[in-house]
Each structure stands twice: as structure tokens, then as C-alpha cells.
Visitor: 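The following block contains the structure, expressed as C-alpha cells.
To find a chain, count down the sequence lines: A is the first, B the second, and so on, and within it residues start at 1. For the numbers below, each heavy atom of this structure counts, side chains included, while hydrogens, waters and symmetry mates do not.
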There are 2 protein chains.
Amino acid sequence: MNQTELVVLAVLSVRPATGYAVREVVHGQLGAFWGESFGQIYPAISRLVADGSVQPVEGGRAGSARYALTAAGRARLLDGLAAPPVPQRPRDGTLLRLFFGDLLGPAACADLVRQVRDRAGERIAELAAARAEVEGELAAGEPRARYWLMTISAGEHTARAALAWCEETLAALAGEPPPAGPLGTIPR
Amino acid sequence: MNQTELVVLAVLSVRPATGYAVREVVHGQLGAFWGESFGQIYPAISRLVADGSVQPVEGGRAGSARYALTAAGRARLLDGLAAPPVPQRPRDGTLLRLFFGDLLGPAACADLVRQVRDRAGERIAELAAARAEVEGELAAGEPRARYWLMTISAGEHTARAALAWCEETLAALAGEPPPAGPLGTIPR
DNA sequence: CTAAGCATGTAAGATGTTACATGATTAT
DNA sequence: ATAATCATGTAACATCTTACATGCTTAG
């Protein structure tokens, strides 16, 4: 089972849904740490139907199909969740550019860092809103909300760390301008 | 130009190298935020030779070729670095499993978090060693070291944030055991 | 000599993105 | 009506991993 099939099974374990709705959940609820496109989700659902993990059920609008987990699908989901997470290949374009910052220059580097900072700021606001909502659901007696809060907290820690790093790095980029040799010093 | 070609050009901008040595640099110096396999690097070098960005030069052992940036390659490198970083699709298998933590159970979730914590701890140690080395190079007059330290600092902030989140999350997983209804309370 | 490390490359298959094509339903 | 949103799917292409096959060089 691949990662896309795993997340589709997980989403369908909550309630039956159309392919479109699965993607909505992935973007909305899991978007902070997971992404899928239609081009992956629809073929994944086809495979899951073919292997009996999932079956179409009533309840959608005409011309659309909602899918529900079968018992076999639930078993496969639990297997997949129990397997160790697949590590993701690291690929941070900002840090790559910063590592070769002497080619790009300090001003362009500062621009990149400011973009990271701004995105982290927006992210913190989004996560605060999500936290408020999920805390409400927890208070309303939704026991899974306690797990949802852990993932929100992960995002918050990460975003705050990014913010702190950005401030530190912007100071470093501004405070020690490139050794362009101020008049009076003799570069050698 | 794709991301692999960009990083190959960037590495070759430092000094000419074999494909094998490019990969060594990517793993060793950039490994904290970038990854490439031979299956990507060798074809990328072929394409860069074909389009004149890179050319074979003398200096390797027999049967191997070292490659150097051409003027055109340097121009393409600067273009590529100036382009906005390509955002990476998020895919955190640990957070996915935690989000659906009620399916996996609190004990398995705690195991996952402990693994993240242990990896973060190792990472902090590695980064401390890297920092010491790069600070030495900065003191020895290597001006690019100041950029290298910024990327090390990013790793440190991220790893410390991960550590803090893990401790918090382990406490949450242990402190509020699953609402299995202690004797005396009436679940409804 | 022989093992470890240096070095190159390809082929198959998995994975993932993007754009396109199509059409139903709902709200304004 | 008509625009926005819901909904499904495919085809082309790009990307990436993994395993395999091969052989040189250097240190012990």
C-alpha cells in the first residue's frame, strides 16, 4: 500500500466520502503536514475498490459515488498505520539558496528569509484559529480532538522556531554586511 | 532547469568534481536540508554537459571524469538561484499517524513520538559538531562560512522545536490516558 | 592480495504534477 | 441565467528510488 492509499483509507475511516471530499479533508484538516492532488486520489480510490478495501455506497448526488471502508480496508488501514512512517527526502530551496548565499548576495537572501518569516506568521494565525475550533470540539466531547491538537501543536512549534530563526538570520544578514572592505581597512 | 540540475551546478561552482563527489557534498554538507541519489545526479550531469552548462576537465583518476562549470553554466546557476524556491509537498507520516491516533492507540503514538525525539537529539549533536567546524572555518577567514552557519542554525531551531514538541506530546499522551472511564465515572 | 572505498551508469517501476475535458448542482 | 462549486477522470510528462552491473584505486 502506498502513502496515498493509506491517507485515503484513513480519511474514509471517519465517514464515507466522494473523491472530491477526500481531497477537501486532506487539504483542510491535514494540509499542514500532508498533500495530495486529484491525479493521485482518483487512481488510488480505483485501486482500493479493485482490491476490496473500499466500496461505493449510496448517498451522493447523481453521477457521483461515495466510498466506504470495508472490513478488509479497515484491516489494511491499521496495518498501514502500524508500519513505520516513510521518511521524506529533504528539499528546502530556501536553505539551499542561503547555503550558496555568496552567489546570490545578502539582499536577495534577506528577501528569502522575510518570505519565510511572513509565511510562518500567517501559519501561526491559521493554527491559532484551528486550535480554537478543535478545543471547542474537545470540550464538546470529541475524544479524537486530543490527537488533532497534538498535530496543531507540532505546527505551532515549527512555525515559532521558523520565526525565531528568521529574526536571528535577518539580524545576521543586516548586522554584518558583506566584507566589502570599509574605507580605512586594508583587505588582503 | 530542475532542482537536481540546480544543486549540481551549485556544488560544481565551488570546485570541479566527479558525479560521485557531487553526491558526497550533497550528503555531507547539504544533507540536513537536501537529498539526491546517483540515479538523479548522473543523468543530470549528462544533461548539463549536453546543454553546455558543464564540461569535463582533467584531474580525476583514470576512467573517471571531473566536471567544471562553464560561463554559461554559471549564468544558469545564478538564474536558478534567483528563481523562487519550489515549495515541497508536505508529507509527515508521524503527524498523519498521530492525527488518526485513536486508530493506533496511545502507546504506539508515544513510540512514534519517542522516535522523533531520539532523532532530534542525534541531530542536535551532529549540528553542534558541524557548527564547531564551520565556526573554525569562519575564524580562518572563509567568508562563505557565515552563510553555512545560517543553515546550521535553521537545523538547530527546527530540532529544538521538535524536541520541545515531543516532550509536550509525550506528557499529553501519558498524562491523560485514553478516556477508558476510570471506575466511578459514568461515561455517556 | 584483498577489502574498502571510489566511480559510473542504466533499467524498471513507482510516484507525482499539471493540464485538459466534461458535466451536474446550487446559490444569486 | 449564470457563476461558483462539486465532481470525475485521463493523458502526458516529470521526477525519484532501487537494484543491478561493472570496474578502478588505494590502504593494509
Visitor: Which heavy-atom pair separates A:L104 from A:C109 by the least distance, and what is that distance?
Guide: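 Looks like CB-SG, 4.4 Å.
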
Visitor: Should we say atom CZ of B:R15 is surrounded by more than 12 heavy atoms from elsewhere, each under 6.0 Å from it?
Guide: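 No, not enclosed.
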
Visitor: Between B:F33 and A:F99, how do the two ring planes meet: parallel, tilted or perpendicular, split at 30° and 60°?
Guide: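 Answer is tilted, since the angle falls between 30° and 60°.
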
Visitor: Distance check needed: C:dA4 C1' versus B:E24 CD, whole Å only.
Guide: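 B:E24 atom CD is separated from C:dA4 atom C1' by 13 Å.
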
Visitor: Looking only at heavy atoms, what is the nearest atom pair of B:L9 and B:S53, with distance?
Guide: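 The answer is CD2-CB, 3.9 Å.
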
Visitor: Looking at B:R66 and B:V57, would you say the former's side chain and the latter's main chain have a donor-acceptor pair under 3.5 Å?
Guide: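 Side chain of B:R66 to backbone of B:V57, a donor-acceptor pair under 3.5 Å: no, none is there.
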
Visitor: Go nucleotide by nucleotide along DNA chain C from the 5' end; which of B:S64 and B:P43 gets its closest nucleotide reached first?
Guide: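 Upstream on the strand: B:S64.
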
Visitor: Working note: A:E36 + A:T4, criterion side-chain hydrogen bond (donor to acceptor under 3.5 Å, both in side chains); need CA distance, chi angles, decisive distance, verdict.
Guide: CA-CA 7 Å; A:E36 296 289 352; A:T4 300; 3.0 Å; yes

Visitor: When you measure from the side chain of A:S153 to the backbone of A:M150, do you find a donor-acceptor pair of N or O atoms at a distance under 3.5 Å?
Guide: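 No, the answer is negative, given that no donor and acceptor are paired below the 3.5 Å cut-off.
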
Visitor: Using whole Å, report how far CZ of B:R23 lies from C1' of D:dT17.
Guide: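 In whole Å, D:dT17 C1' and B:R23 CZ are 12 Å from each other.
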
Visitor: Considering every strand and a 4.0 Å limit on heavy-atom distances, what is the contact class for B:A21: base, sugar-phosphate, or nothing?
Guide: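 Result for B:A21 = nothing.
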
Visitor: Expressed as a whole number of angstroms, how long is the span from A:F38:CZ to C:dA19:P?
Guide: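 Taking CZ of A:F38 and P of C:dA19, I get 15 Å after rounding.
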
Visitor: Quickly work out the A:I41 CD1 to D:dG9 P distance and round it to whole Å.
Guide: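 Distance, rounded to whole Å: 12 Å.
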
Visitor: Between A:E5 and A:R76, does at least one N-O distance fall below 4.0 Å, as a salt bridge requires?
Guide: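 Salt bridge: no.
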
Visitor: List the protein contact pattern of nucleotides 11-17 of chain C with one symbol per nucleotide (5' to 3'): B for base contact, S for sugar-phosphate-only contact, - for none; contact means a heavy-atom distance under 4.0 Å.
Guide: ----SSB

Visitor: What is the distance from OH of A:Y67 to C1' of D:dG9, rounded to the nearest Å?
Guide: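 After rounding, the gap between these two atoms is 10 Å.
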
Visitor: At 10 degrees resolution, what angle do the end axes of the helix from C:dC1-D:dG28 to C:dT28-D:dA1 form when each is taken over five base pairs?
Guide: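 Axis angle across the helix from C:dC1-D:dG28 to C:dT28-D:dA1, nearest 10°: 30°.
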
Visitor: Do the side-chain N or O atoms of B:Y20 get closer than 4.0 angstrom to the phosphate oxygens (OP1, OP2) of C:dT8?
Guide: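 No, no such contact exists.
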
Visitor: Linking I/L/V/M/F/W/Y whenever any side-chain heavy atoms sit under 4.5 Å apart, do B:L96 and A:L48 land together?
Guide: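 Yes, same cluster.
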
Visitor: Would you say a side-chain N or O of A:S46 is under 4.0 Å from OP1 or OP2 of D:dG9?
Guide: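 A:S46 to D:dG9 OP1/OP2: no side-chain N or O under 4.0 Å.
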
